[in-house]
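Reviewing the structure listed below.
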Protein chains: 2
Amino acid sequence: MNQRVYEAQAEYLKALSHPTRIRIVNYLREGERCVCEIFPYLGEEQSNVSRHLAALKRAGILSSRKEGVSVYYRVQDDNVFKILELVLSFVKKLVKEKMALLT
Amino acid sequence: MNQRVYEAQAEYLKALSHPTRIRIVNYLREGERCVCEIFPYLGEEQSNVSRHLAALKRAGILSSRKEGVSVYYRVQDDNVFKILELVLSFVKKLVKEKMALLT
DNA sequence: TGCTTTTATGATTAGATGCTCATAAAGTAT
DNA sequence: ATACTTTATGAGCATCTAATCATAAAAGCA
């Protein structure tokens, strides 16, 4: 496979690899939300959240639409949920294995 | 969901989010390989590859066994292949969409 | 028009990451 | 014991990332 493909995969994964950005994607599971809803939910600074949203959009994970002064973000492709679920199951498995080592 | 879970997911994704590390995982698809096979295949410096392997092992994605002076690495959990396939299909879709915009 | 709300972005800073070179550590062979 | 092979790691460095504060830009409201 091509080096460009690996780079594109890495970029996508990088965009997802931050707790706040994962929380954003999960929050948008039920539908679009404007920034003014997202950042209080996360309990993070508005400017910080805006940058995280921009990163997810740049990667193609989110898209946005403007309505008046508000900007609504939504998940662009449902693949991301499958990916996060697989990662979640892996992480849970790791925890179980660590627990097992303690017994 | 718990903040710790998001952090664990992020760590896992971070470990995967580098072209060289993705190439390593793909290379190990067919079975274990020692470092002395992996780094020439990648065309990267031995010390560099060793660090990437350590990162993947730390995340629980790879495991290793020592045989004489050699260290053999292998993929610890097949979930990683599913994840990379989903990411690949997403990336391919993005490219198609970009192509479509040019016509 | 002037004020307020909503979002994005410039500047700064602290810390993390990735690469390279050199070398250490461990095992094997002569 | 010495030399060689294989892997890991310390040091140094350049670059990237994330967070914060301040502020700009755009839209709506009084």
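Each chain gets a letter, A, B and so on, in the order its sequence line appears, and its residues count up from 1. The figures that follow rest on heavy atoms only: side chains count, while hydrogens, waters and symmetry mates do not.
Atoms CD (Q46(B)) and P (dA22(C)) sit 14 Å apart, rounded to a whole Å. As rounded to whole Å, 15 Å separates atom P of dG15(C) from atom NE2 of H18(A). Rounded to whole angstrom, the span from the CZ atom of R65(A) across to the P atom of dT6(C) amounts to 16 Å. Going from atom CD1 of I24(A) over to atom P of dA18(D) covers 11 Å, rounded to whole Å. As a whole-Å value, the separation of L42(A) CG from dT7(C) P is 13 Å. Atom pair E37(B):CD and dT7(D):C1' shows a separation of 14 Å (rounding to whole Å applied). As a whole-Å value, the separation of E67(A) CD from dG28(D) C1' is 13 Å. Distance L56(B) CG to dG18(C) C1': 14 Å, rounded to the nearest Å.
Within the nucleic acid shown, Y73(A) comes within 4.0 Å of sugar-phosphate atoms alone, with no base atom in reach, counting heavy atoms only. Among the heavy atoms of the strands lying under 4.0 Å from S50(A) is at least one base atom, whether or not backbone atoms are also near.
Counting non-hydrogen atoms of other residues, nucleotides and ligands closer than 6.0 Å to CD of E44(A) gives a total above 12.
Put simply, the side chain of E44(A) and the base of dA19(D) share no donor and acceptor less than 3.5 Å apart. With hydrogens and angles ignored, no donor-acceptor pair closer than 3.5 Å exists between the side chain of S47(B) and the base of dC19(C). Put simply, the side chain of R51(A) and the base of dT20(D) share a donor and an acceptor less than 3.5 Å apart.
Along DNA chain D, the nucleotide closest to L53(B) and the one closest to N48(A) are compared, and the more 5′ of them pairs with L53(B). Summary of the strand contacts: T20(A) and C36(B) both lie near DNA chain D, and taking for each the nucleotide with the nearest heavy atom, the more 5' one is attributed to C36(B).
One finds a salt bridge joining E85(A) and R29(A) here, because a Lys/Arg side-chain nitrogen approaches an Asp/Glu carboxylate oxygen to under 4.0 Å.
Under 3.5 Å, the side chains of S64(A) and R74(A) contain no donor-acceptor pair of N or O atoms.
For the pair R65(B) and Y73(B), the NZ or CZ position fails the cation-pi test of under 6.0 Å to the six-membered ring centre and within 45 degrees of the ring normal. A cation-pi arrangement is not found for R21(A) relative to Y6(B), the charged atom failing to lie both closer than 6.0 Å to the ring centre and inside a 45° cone about the ring normal.
A heavy atom lying under 4.0 Å from DNA chain C marks none of the residues of residues 9-17 of chain A.
Using the six-membered ring where Trp is involved, Y41(B) and Y27(B) have ring planes that are parallel, under 30° apart on the 30 and 60° scheme.
For the pair P40(B) and V35(B), the tightest heavy-atom approach, listed with the atom from each and the gap, is CD-O, 4.0 Å.
The shortest distance between the side-chain N/O atoms of H52(B) and the OP1/OP2 oxygens of dC19(C) is below 4.0 Å.
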